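Computation of the quantities below employed the complete heavy-atom set of this structure, encompassing side-chain atoms and omitting hydrogens, waters and symmetry-equivalent molecules. Just so we're clear, the structure is a prediction, and the values are computed from it rather than from any experiment.
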Amino acid sequence: MSLAHSGVALMLPVTDVDRATRFYQQSLGLEFTGTNDEGSAMFAVGSDAQLVLLPRPESKPSESTAMSFEVDDVTAEIRTLEGRGVVFEDYDLPDLKTVDHVCEFGDEKAAWFKDPDGNVLCLHEDLT
């Protein structure tokens, strides 16, 4: 099997696995699939990917987007997630401006939020 056709596991360090597990399961609605021997919480994402929350009490969040979810309708997904307590970011930068949490650039829309550890997560919608 080549890497181009392999499933992917995203390893995301978190300071508190239990808190992060609640967020990813309850707030984002991801399917919790279990815990490994290291104490990492695992989630099924999409049709062929896995999110692994690594217990790293001293970790610091990335300054960039750590993970992006492709969705059919960013605005609808924002409403759903806000109903579950997710708080979206707003930006007013020279090259990035959001309106109602959404930035449009080219043939894509995107919106950003943070997990309890400050990891930046994104929703993106392909407009083509």
Provide the closest heavy-atom pair for Met42 versus Thr35 in the form atom of the first, atom of the second, distance.
CE-C, 3.8 Å

Hey, could you give me the CG/CG distance between Leu121 and Leu81, rounded to the nearest 0.5 Å?
10.0 Å

Could you state whether Leu54 and Phe23 fall into the same hydrophobic cluster, counting links through intermediate Ile, Leu, Val, Met, Phe, Trp or Tyr residues with side-chain heavy atoms under 4.5 angstrom apart?
no

Atom pair CG/CD of Leu30 and Gln25 - distance to nearest 0.5 Å
9.0 Å

What distance do Leu51 atom CG and Met11 atom CE have between them, rounded to the nearest 0.5 Å?
9.5 Å

Should Leu12 and Leu28 be regarded as members of a common hydrophobic cluster, given that ILVMFWY residues are connected when their side-chain heavy atoms come within less than 4.5 Å of each other, either directly or indirectly?
yes

Counterpart residues, ring-ring contact (aromatic ring centres under 6.0 Å, His included), relative to Phe69 (two or more places apart)
none

Counting only heavy atoms from other residues, nucleotides and ligands, does the tally under 6.0 Å from CD of Glu38 exceed 12?
yes

Taking the six-membered ring for Trp, are Phe105 and Trp112 parallel (under 30°), tilted (30 to 60°) or perpendicular (over 60°)?
parallel

In terms of hydrophobic clustering (I, L, V, M, F, W, Y; side-chain heavy atoms under 4.5 Å; direct or indirect links), are Val52 and Phe43 co-clustered?
no

About how many Å separate OG1 of Thr75 and CD of Glu125, when rounded to the nearest 0.5 Å?
7.0 Å

Any chance you could lay out the side chain to side chain contact (heavy atoms under 4.5 Å, CB included) test for Asp92 and Lys97, step after step, and finish with the verdict?
CA-CA 4 Å; Asp92 189 2; Lys97 181 174 177 70; 3.5 Å; yes

Check: Asp117 side chain, Asn119 main-chain N or O, donor-acceptor pair, under 3.5 Å
no

Determine whether more than 12 heavy atoms belonging to other residues, nucleotides or ligands lie under 6.0 Å from atom CG of Asp72.
no

Checking Glu31 side chain against Ala44 main chain: does a donor-acceptor pair fall under 3.5 Å?
no

Determine the minimum heavy-atom distance between Leu96 and Cys103, stating which atoms define it.
CD1-SG, 3.3 Å

What are the two closest heavy atoms between Ala41 and Thr21, and how far apart are they?
CB-OG1, 3.2 Å

From CG (Leu3) to NE2 (His5), nearest 0.5 Å:
10.0 Å

Roughly how far, to the nearest 0.5 Å, is the CG atom of Leu123 from the CZ atom of Phe88?
4.5 Å

Any donor-acceptor pair under 3.5 Å from Asp90 side chain to His101 backbone
yes

Closest non-hydrogen atoms of Thr15 and Pro57, given as atom of the first, atom of the second and distance, are CG2-O, 3.4 Å

Are Val120 and Val14 linked, directly or through intermediate hydrophobic residues, by side-chain heavy-atom contacts shorter than 4.5 Å (ILVMFWY only)?
no

Cluster overlap Leu10 with Phe113, hydrophobic side-chain contacts below 4.5 Å
yes

